[in-house]
Amino acid sequence: MRVEMSGSKIARDLLAHYDVHARRLPWRAPPGANAADPYHVWLSEVMLQQTTVAAVGPYFEKFTVRWPTVEDLAASADADLMAAWAGLGYYARARNLLACARAVVADHGGRFPDTEDALRALPGLGAYTAAAVAAIAFGQRAVVVDANVERVVARLFAIATPLPAARPEIRAAADSITPDLRAGDFAQAMMDLGATICTARNPACGICPLRQDCAAVRTADPAAFPVKAPKKAKPHRLGHAWWIERSDGQVWLVRRPDKGLLGGMRALPSSDWNAAPDATPPFVAQWQTIDPPVAHVFTHFSLALSVHTTHVGLDHVPAGAGEWWPRDRIGEAGLPTLFARAADAAMKEMTDDARN
DNA sequence: TAGACGTGGCA
DNA sequence: TTGCCAAGTCT
């Protein structure tokens with residue numbers, strides 16, 4: 001018989017703290033309730049990838065009201081799902097979300113598999129999410145390592161190897177403190193700790209339940225862990241977008257190719273992101289260029305998007321595939337943020353224009 | 001395996 | 001203003 005049923009001293013200290021201080025989040029089972037719904041756990045985990053709790057909240061609410069079960073989600077039209085995801089970013093997640101829901105229905109009878117390996121085989125579930133769902137929704141012992149856990153573990157063990165080289169070392173250390181029981185609570189407790197106390201900047205070591213267990217708190221600068229490799233500078237790029245407004249108040253929208261930036265999303269017609277300052281418009285007309293361009297920052301480059309507007313008659317036939325969309329209902333088109341801003345700028349310009 | 005892939009908040 | 005950061009995955 002094991003002496004410590006709940007694993008390491010670290011796990012015991014952390015779980016005791018979690019029992020009192022766990023954050024109440026919409027996708028978590030309330031205290032004392034049965035395990036959380038695997039559909040809710042999966043949906044929230046995907047939404048939370050590289051995304052803050054605050055940003056996810058309204059989207060999780062909207063999705064669970066509109067699609068109460070994984071079967072409902074699997075039956076949704078692609079365009080509806082993509083539009084509902086608009087604004088949350090990393091749109092490959094939305095495409096994979098639908099593919100995963102459909103795989104769960106088609107291959108697993110509408111129930112999520114309960115092992116880490118089977119979960120890992122589903123679209124959009126990588127090492128982290130498969131472990132998190134296995135642990136949180138199904139109570140399996142799984143080593144759940146996200147950026148919070150990396151930070152907490154790097155500090156607990158004062159791991160000086162820089163990321164990403166430190167990953168194997170950090171994972172082994174996380175494994176060593178993960179309990180056999182309550183692995184899901186342990187994972188969530190580690191993430192709560194990372195989000196509220198063991199934060200990236202200005203960690204609150206004074207109130208940390210693990211300060212007695214922590215190697216970094218005994219160093220000059222606990223916040224210096226984890227050590228990170230320097231980042232490369234992000235390039236600046238230029239693009240053009242065209243706001244084509246018909247005399248009946250409708251605007252020409254296109255759908256972007258499934259792969260690549262903002263893949264599968266509705267958008268304004270646009271150039272690529274390595275454009276020359278002077279673009280060739282899609283057709284000859286009187287174009288107004290909005291000044292200044294829309295500035296937007298992506299993960300790997302920043303963009304100055306020059307927006308050009310024109311009016312066309314009812315007889316105008318744009319080249320290529322697309323659809324006319326009422327400008328008054330542009331908010332319902334599900335434009336990603338970049339194009340939503342371009343649309344705002346264009347509509348403001350058109351209004352000012354009409355006034356003069 | 002390193003780069004592609006969004007967005008908003010904060011210092 | 002700029003850079004960092006937030007429950008990563010895919011290729």
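Here is the naming used below: chain letters follow the sequence lines, and residue numbers restart at 1 for every chain. Nothing here was measured: the structure is a model prediction, and the numbers come from that model.
Candidate nucleotides C/dA7, B/dT7, C/dT9 were compared by shortest atom distance to the side chain of A/Ala147, and C/dA7 ranks first. Minimum atom distance to the side chain of A/Lys231 is reached by C/dC4, of the listed C/dC4, B/dT7, C/dG8. Closest contact between the side chain of A/Arg201 and the listed nucleotides C/dA7, B/dC10, B/dT7 involves B/dC10. With B/dT7, C/dC5, B/dG6 as the candidates, the nucleotide lying closest to the side chain of A/Leu338 is B/dT7. The side chain of A/Arg120 sits closest to C/dC10 out of C/dC10, C/dC5, C/dA7. Of the candidate nucleotides C/dG8, B/dT7, C/dA7, C/dA7 has the atom lying nearest to any side-chain atom of A/Val53.
Rounded to whole Å, atom C1' of C/dG8 lies 14 Å from atom CG of A/Leu163. For the pair A/Leu125 CG and C/dA7 P, the interatomic distance rounds to 18 Å; values are reported in whole Å. Rounding to whole angstrom units, CZ of residue A/Arg95 and P of B/dC5 are separated by 10 Å. One interatomic measurement links the two molecules: CZ of A/Phe60 to P of C/dA7, which rounds to 18 Å at whole-angstrom precision. Rounded to whole angstrom, the span from the CG atom of A/Leu98 across to the C1' atom of C/dT9 amounts to 17 Å. A straight line from CG of A/Asp272 to P of B/dA4 spans 15 Å, rounded to a whole angstrom. Atoms CG (A/Asn96) and P (C/dG8) sit 16 Å apart, rounded to a whole Å. If you take CG of A/Leu261 and C1' of C/dC10, they are 15 Å apart, rounded to a whole angstrom.
Residue A/Thr129 is in sugar-phosphate contact alone, with no base atom involved, counting any heavy-atom pair closer than 4.0 Å across all strands shown. Residue contacts shown for A/Gly87 are limited to sugar-phosphate atoms, with no base heavy atom under 4.0 Å away. Base engagement by A/Val297 is indicated by at least one non-hydrogen atom pair under 4.0 Å involving a base atom. Heavy atoms of A/Leu88 sit under 4.0 angstrom from at least one base atom. At a threshold of 4.0 angstrom between heavy atoms, the contacts of A/Ala200 are confined to the sugar-phosphate backbone, with no base atom among them. Residue-level contact check: A/Ile136 touches neither bases nor backbone, having no heavy atom under 4.0 Å from any strand. Here A/Ala127 lies in heavy-atom contact (under 4.0 Å) with sugar-phosphate atoms only. Within the nucleic acid shown, A/Gly260 comes within 4.0 Å of sugar-phosphate atoms alone, with no base atom in reach, counting heavy atoms only.
Not one N or O on the side chain of A/Arg255 forms a donor-acceptor pair closer than 3.5 Å with the backbone of A/Arg266.
Annotation: of the two residues near DNA chain B, A/Pro164 and A/His300, the 5′-most nearest-nucleotide partner is A/Pro164. When each of A/Tyr91 and A/Lys232 is assigned the nucleotide of DNA chain B bearing its nearest heavy atom, the one mapping closer to the 5' terminus is A/Lys232. Take the nearest nucleotide of DNA chain C for A/Trp27 and for A/Gly124: the residue whose nucleotide is more 5' is A/Trp27.
Ion pairing of A/Glu150 with A/Arg167 is present here, as a side-chain N (NZ or NE/NH1/NH2) and a carboxylate O approach within less than 4.0 Å.
One N or O donor and one acceptor, one from the side chain of A/Thr299 and one from the base of B/dG6, sit under 3.5 Å apart. A donor N or O paired with an acceptor N or O is not found under 3.5 Å between the base of C/dG8 and the side-chain atoms of A/Tyr128. Taking only distance into account, the side chain of A/Thr337 never meets the base of B/dG8 through a donor-acceptor pair shorter than 3.5 Å.
A/Gln250 and A/Arg327 form no side-chain donor-acceptor contact under 3.5 Å, judged by distance and modelled atom types alone. No hydrogens or angles considered: a donor-acceptor pair under 3.5 Å links the side chains of A/Glu169 and A/Thr161.
Aromatic ring orientation, A/Trp42 versus A/Phe112: tilted (interplanar angle from 30° to 60°).
Taking the P atoms as reference points, B/dA11 lies 16 Å from C/dA7, given to the whole Å. For C/dT9 and B/dG8, the P atoms lie 22 Å apart once the distance is rounded to whole Å. Of the P atoms belonging to C/dA6 and B/dT1, the separation is 24 Å, rounded to the nearest Å. Comparing the P positions of C/dT2 and B/dC5 gives a spacing of 22 Å, expressed to the nearest Å.
In this structure, A/Arg237 forms a cation-pi arrangement with A/Phe301, its terminal cationic atom sitting closer than 6.0 Å to the ring centre and no more than 45° off the ring axis. The cationic atom of A/Arg246 (NZ for Lys, CZ for Arg) does not lie both less than 6.0 Å from the six-membered ring centre of A/Trp252 and within 45° of the ring axis.
Look at A/Gln49 and you won't find any side-chain N or O under 4.0 angstrom from OP1 or OP2 of C/dG8. For the pair A/Thr52 and B/dT7, the criterion of a side-chain N or O lying under 4.0 Å from OP1 or OP2 is not met. Of the side-chain N and O atoms in A/Arg341, one or more sit less than 4.0 angstrom from OP1 or OP2 of B/dG8. For C/dC5, the OP1/OP2 oxygens have no side-chain nitrogen or oxygen of A/Arg151 closer than 4.0 Å. The shortest distance between the side-chain N/O atoms of A/His296 and the OP1/OP2 oxygens of B/dT7 is below 4.0 Å.
Within 6.0 Å of CZ in A/Arg66 there are more than 12 heavy atoms belonging to other residues, nucleotides or ligands.
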